[in-house]
Amino acid sequence: MSDERPLVGVAAVSLLFGVMLQIVPLPAMLADLRPDWLLLILVYWCLTTPSRFGLSLAFVLGLVLDTLTGALLGQHALAMLLVVLVALKFRLRVRVFPMAQMMIAILVLLTIYQFTLFWIDGVTGRTVDPAARWQPLVTGTAAWPLVFWLLNRARRDAGPQPIRLD
Amino acid sequence: MNRRTESVGPSRGLPLGVRFFLLAGLAAGLMVADQRQQHLDTVRNTLAVALYPVQAAVDLPFAAWHWSTTTLSSRRALLEEIDTLRRRNLDSHVRLQRLDALEAENARLRAMMESSARVADRVLVAEILAVDMDPYRHRFTINKGERHRVYVGQALLDADGIMGQIVRVQPFTAEAILISDADHALPVTVNRNGLRTIATGTGDTDRLSLPFLPNSADIREGDLLVSSGLGGAFPSGYPVGRISRVERRPGDGFASVDMEPLAALNRAREVLLVWSQTANGELPEPSPEADLQPQTDPLPDAPPNGDAQ
């Protein structure tokens with residue numbers, strides 16, 4: 001087993017960056033289009049390094065998002081848990097997908113995420129606008145190649161990794 | 001590497017599905033407790049304090065930009081601004097002279113009618129943090145919190161009118177909801193004739209709706225609406241908006257009436273927190289910083305009985 005500390009450091013920085021992207025103010029026109037950055041980054045780390053990042057991290061990051069967005073405490077946590085569960089279950093297959101197919105998988109994951117949030121909003125009696133809910137799916141899927149490429153580079157630069165045959 | 005430890009992650013022994021159900025159950029429990037209100041304040045406050053540096057870091061470039069545009073603006077622009085402000089100040093002073101007399105007269109009349117006098121409100125300036133929250137709701141965070149004695153339900157104004165109210169208070173920050181949020185409603189009266197109704201948010205910052213006005217209601221475009229103070233959340237008498245559209249539909253019982261809010265709901269950076277008289281007549285003590293009260297000392301010895309109507 002090699003030292004994984006630089007890798008964890010890179011992941012922590014990328015996740016912090018993701019949290020900031022989630023709350024950075026956008027013009028009202030673009031606010032509805034904001035991709036779910038934090039979820040994309042989390043999914044990347046769960047797909048590539050499941051021995052380190054998984055459900056517990058999803059739970060904690062979900063609570064962070066709940067606090068920052070003023071949502072019901074546990075709402076984003078539950079949605080992220082679901083997504084990470086699915087991602088971990090299918091990760092061996094998703095990892096060898098070509099990019100186009102991988103983006104379809106990401107679209108499915110984002111749909112699970114947004115639907116869970118939407119459903120909880122509905123159950124707890126908050127007013128929701130179903131039309132606006134679809135926009136992050138499109139932008140999130142479109143943002144995936146960028147996230148994937150950037151994080152792949154960062155992960156490679158984090159130092160020599162053991163060759164994994166998984 | 002066998003398949004199990006690999007997909008389980010940091011091999012804690014528990015299979016993935018079991019860990020998922022434990023954590024999901026925890027999340028569901030949190031949601032139920034949070035929906036039932038106020039059981040989770042400590043959890044939320046701890047998280048909020050821990051995350052405040054992140055919010056501050058995101059806000060920093062915007063605050064720096066704000067600071068530099070004011071500090072580095074040209075001499076001419078500053079002189080122009082001083083000029084307009086001076087003119088506006090003069091204008092408000094002229095109005096204030098009449099206000100003093102009117103306030104005294106109002107107090108006398110109210111005393112005659114044995115209703116309680118209005119206590120002057122106290123205000124504190126807060127800044128909106130440049131961080132976005134849920135895009136589907138009109139919420140924002142301000143940089144004053146429990147430490148400044150901000151309380152839940154407190155009204156927020158800007159220079160032109162009512163903006164919203166505080167919905168959650170954390171040690172250093174507070175979350176507020178705009179009057180344009182689709183879940184928000186605000187009791188108002190028409191300034192011209194005292195007609196009382198309720199203004200609800202539409203999810204659009206330029207438009208509020210007045211759904212409970214009958215076709216026969218005396219209301220027309222351009223009417224000024226002020227807060228009525230009923231319900232006790234908002235102080236009474238502050239401007240809210242102007243009627244922008246009245247459509248009387250003969251088939252329906254209610255007219256379709258829209259109002260345009262006066263406050264700059266999506267442009268303001270500075271907001272005013274108001275400490276007003278609460279329903280039972282006590283004035284919550286604001287923080288020591290709230291010394292921004294010009295010449296309006298609370299009227300002494302308000303008759304304690306009677307309602308505000």
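Just so it is clear, the values below take in all heavy atoms, side chains as well, and ignore hydrogens, waters and symmetry mates. Owing to the predicted nature of the structure, the values given are computational and were not obtained by experimental measurement. In what follows, every chain begins at residue 1, and chains take the letters A, B, ... in the order their sequences are listed.
- Options B/Asp59, B/Leu51, B/Leu26 differ in how many heavy-atom pairs under 4.5 Å they form with chain A, and the most are formed by B/Leu51.
- In this structure, no portion of A/Leu21 lies under 4.5 Å from any heavy atom of chain B.
- With a 4.5 angstrom heavy-atom cutoff, A/Leu117 does not touch chain B via any of its atoms.
- For B/Arg44, the parts lying near chain A are the backbone and the side chain together; criterion is any non-hydrogen pair under 4.5 Å.
- Within the 3.5 Å criterion, the main-chain N or O of B/Ala48 finds no donor-acceptor partner in the side chain of B/Gln170.
- In this structure a side-chain-to-backbone donor-acceptor pair under 3.5 Å is present from B/His138 to B/Gly203.
- Residue contact with chain B, scored on non-hydrogen atoms closer than 4.5 Å, involves the backbone and the side chain of A/Arg133 alike.
- In terms of heavy-atom pairs under 4.5 angstrom with chain B, the leader among A/Asp32, A/Leu65, A/Val19, A/Val64 is A/Val64.
- B/Asp252 places no side-chain N or O within 3.5 Å of a backbone atom of B/Phe254 that could act as its donor or acceptor partner.
- When each of A/Thr69, A/Leu82, A/Leu68, A/Leu73 is checked for heavy-atom pairs under 4.5 Å with chain B, A/Leu73 comes out on top.
- No donor-acceptor distance shorter than 3.5 angstrom exists from the side chain of B/Asp258 to the backbone of B/Arg245, with no hydrogens or angles considered.
- The neighbour count for A/Phe17 CZ, taken as heavy atoms of other residues, nucleotides or ligands under 6.0 Å away, does not exceed 12.
- Both the backbone and the side chain of B/Gln55 come within contact range of chain A, each with at least one heavy atom under 4.5 Å from a heavy atom of that chain.
- Looking at B/Asn143, its side chain never comes within 3.5 Å of a backbone N or O of B/Leu129 through a donor-acceptor pair.
- Of the N and O atoms on the side chains of B/Arg19 and A/Ser56, at least one donor lies less than 3.5 Å from an acceptor on the other residue.
- For a residue to count as touching a neighbouring chain, one of its non-hydrogen atoms must lie under 4.5 Å from one of that chain's; by this rule A/Leu16 touches chain B with the side chain only.
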